[in-house]
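So the structure is just underneath, and the comments pick up after that.
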Amino acid sequence: MSEDKQRPQFAQPAEEIFARILDYYGIAWQYEPRSFALEWDEQGNIIEAFRPDFYLAEQDLYVELTTLRPQLSTKKNRKLRRLRELYPEINIKLFKRKEMRDLMVKYGLLQEAAQLHGTAAQPNGE
Amino acid sequence: MRTTLTDYPELAKDIKEVVITTEEIQARVAEIGAAISADYTDKNPLLVGVLKGVLFFMADLLREIYVPVAVDFISISSYSSETRKQGIVHLAKDLETPLAGRHVLFVEDVIDTGLTLNYLLRNLRARQPASLEVCVLFNKPARRLIGIPLKYKGFDLPDRFVVGYGLDHREKYRNLPFVGLLTASAYKEQ
């Protein structure tokens, strides 16, 4: 939880909602604390990396949220597969668009869920 | 006794299909009750449930336990657009029974993300029970964020919107004695 820190600038509204839910239930979290290199050029420079949205320290779990429609999330899925290949010791959970929407419905955030329903794609940050 | 979808004509239109029948639930609850009875002989366990969804499971489970047992209930504020203004979760109703030195079995109807259960277990553990275990009837692992050991588990549920036997959608359908898949129209209309 980031109660003693400045609230981070979330890339997506869904991330802020997720952070609020974690805060509510007393779960400590960090926002995008670590970047994982996924691909290097011949000189060893990183040319592709992946930075999961949240890290839950007590659970040793990274969480990535996506509000992309399934057909638009191919690139992200590929990155996640690569991450799991290169860093098998890392626990990461992908919260897909449907799961995020269901979570909002579960907590009575119907308006937010409806907005997510109409989101075709995310501009940045994924 | 009402046991099938046709016994509930007012609600049946909102149920696409029954995914766990009344008979299946009854049989599994009996098995769990027998296992608890065997494990807690001479321990006089305290079963703790969180309101409201657990009412149905708790009532049936208690009747399948054949050793002395006590029961108590707790209630917390769930996250919502209203409660979030209060900042953090709070107890709406606390237990009446002291837990220190007791063998406590926390009984839940469903575990989904694990956020609520994790909060409650932390709260109960701080009261220093002799033991603290978890019994869950319905396990929805797809959205699990917090790993919690489940000593007793009834059924794994698919990541679909299901209702009945305590599971609700906006306070409806809890009273169905089976678990049914909610239709998309019922899910969206209400």
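- For A/Lys98, the part lying under 4.5 angstrom from a heavy atom of chain B is the side chain only.
- Summarising the local packing, CD of A/Glu89 is surrounded by more than 12 heavy atoms from other residues, nucleotides or ligands at distances under 6.0 Å.
- A/Leu61 is not listed as a side-chain neighbour of B/Ile146, based on a closest heavy-atom distance of 4.5 Å or more.
- For CZ of B/Arg122, the number of neighbouring non-hydrogen atoms (other residues, nucleotides, ligands) closer than 6.0 Å is greater than 12.
- Counting heavy-atom pairs closer than 4.5 Å to chain A, the top-ranked of the candidates B/Asn118, B/Ile76, B/Thr116 is B/Thr116.
- For CZ of A/Arg34, the number of neighbouring non-hydrogen atoms (other residues, nucleotides, ligands) closer than 6.0 Å is greater than 12.
- Considering CG of B/Asp112 and CD of A/Glu99, their distance stands at 9.5 Å, rounded to 0.5 Å.
- Within a 6.0 Å sphere centred on CD of B/Glu171, other residues, nucleotides and ligands contribute more than 12 heavy atoms.
- Here A/Lys96 contributes atom NZ and B/Arg143 contributes atom CZ; the two are 12.5 Å apart, rounded to the nearest 0.5 Å.
- Residue B/Lys93 places its NZ atom among more than 12 non-hydrogen atoms of other residues, nucleotides or ligands, all under 6.0 Å distant.
- Taking A/Gln59, A/Met104, A/Glu58 one by one and counting their heavy-atom pairs under 4.5 Å with chain B, the maximum is reached by A/Gln59.
- Residue A/Glu48 qualifies as enclosed at atom CD: its count of foreign heavy atoms under 6.0 Å is above 12.
- Once rounded to the nearest 0.5 Å, the distance linking CG of B/Asp159 with CG of A/Asp102 reads 6.0 Å.
- Distance check, rounded to the nearest 0.5 Å: OG1 of B/Thr113 to CD1 of A/Ile27 gives 8.5 Å.
- The shortest side-chain heavy-atom distance between B/Leu145 and A/Phe18 falls under the 4.5 Å cut-off.
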